[in-house]
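All remarks here apply to the structure that follows.
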Amino acid sequence: MGKEDDQDRFEAIGKRIKELRLKAGYSSLETFANEHDLSRRNYWRLESGGNFKMSTLFRILEIHKIPLEAFFKGLK
């Protein structure tokens, strides 16, 4: 496992987070970030597959009321 594998994982997580936002009815990531008191830049980075803090991921999962296990189910 190397940096490419890590990047693939970050991108898969970002894709899952974007799916959650869209499922919640938010077409705009800016609107979602603003309404949930998140930094738009950091949230964009997260959805785009950038590196992030676990505390940020935990906050997103809390907003969507999704347990950690359910979020990662099926991700490789």
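This structure is a prediction, so every number in the text was calculated from the model and none was measured.
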Study note, to complete from the structure: Taken in chain and number order and not counting sequence neighbours, the residues that satisfy side-chain hydrogen bond (donor to acceptor under 3.5 Å, both in side chains) with Asn42 are Arg45
Check your understanding: Residues two or more places apart in sequence or in another chain: which of them pass side-chain hydrogen bond (donor to acceptor under 3.5 Å, both in side chains) with Glu11?
Key -> Gln7
Practice item. Kindly give the heavy-atom pair with the smallest separation between Glu47 and Leu29, and that separation in Å. Key: OE1-CD2, 3.9 Å
Practice item. Mind checking the CD1-NZ spacing from Ile13 to Lys15? Nearest 0.5 Å is all I need. Key: 13.5 Å
Study note, to complete from the structure: So the salt bridge (Lys or Arg N to Asp or Glu O under 4.0 Å) pairs with at least one residue in residues 22-37 (sequence neighbours excluded) are none
Exercise for review: Indicate the atoms forming the closest heavy-atom contact of Ala33 with Tyr43, along with that distance.
Suggested key: CB-CB, 4.2 Å
Review point. Rounded to the nearest 0.5 Å, how far apart are NZ of Lys18 and CH2 of Trp44?
Key: 12.0 Å
Check your understanding: Do the non-hydrogen side-chain atoms of Arg9 and Leu75 ever get within less than 4.5 Å of each other?
Key -> no
Review point. Got a second to check how far Phe32's CZ is from Leu22's CG, nearest 0.5 Å?
Key: 10.5 Å
Counting only pairs under 3.5 Å, give me each side-chain donor-acceptor contact of residues 54-67, with atom names and distances, residues two or more places apart or in other chains.
residue : atom : partner : partner atom : Å
Arg59   : NH1  : His36   : O            : 3.3
Arg59   : NH2  : His36   : O            : 2.8

Practice item. Would you please name every residue forming a side-chain hydrogen bond (donor to acceptor under 3.5 Å, both in side chains) with Arg16, sequence neighbours left out? Key: none
Review point. Looking at CG of Asn51 and CG of Leu46, how far apart are the two atoms once the value is rounded to the nearest 0.5 Å?
Key: 10.0 Å
**Study point:** Residues that Thr31 engages under side-chain hydrogen bond (donor to acceptor under 3.5 Å, both in side chains), provided they are two or more places apart
**Key:** Ser28
**Study point:** By ring-ring contact (aromatic ring centres under 6.0 Å, His included) - contacts of Phe71 (at least two apart)
**Key:** none
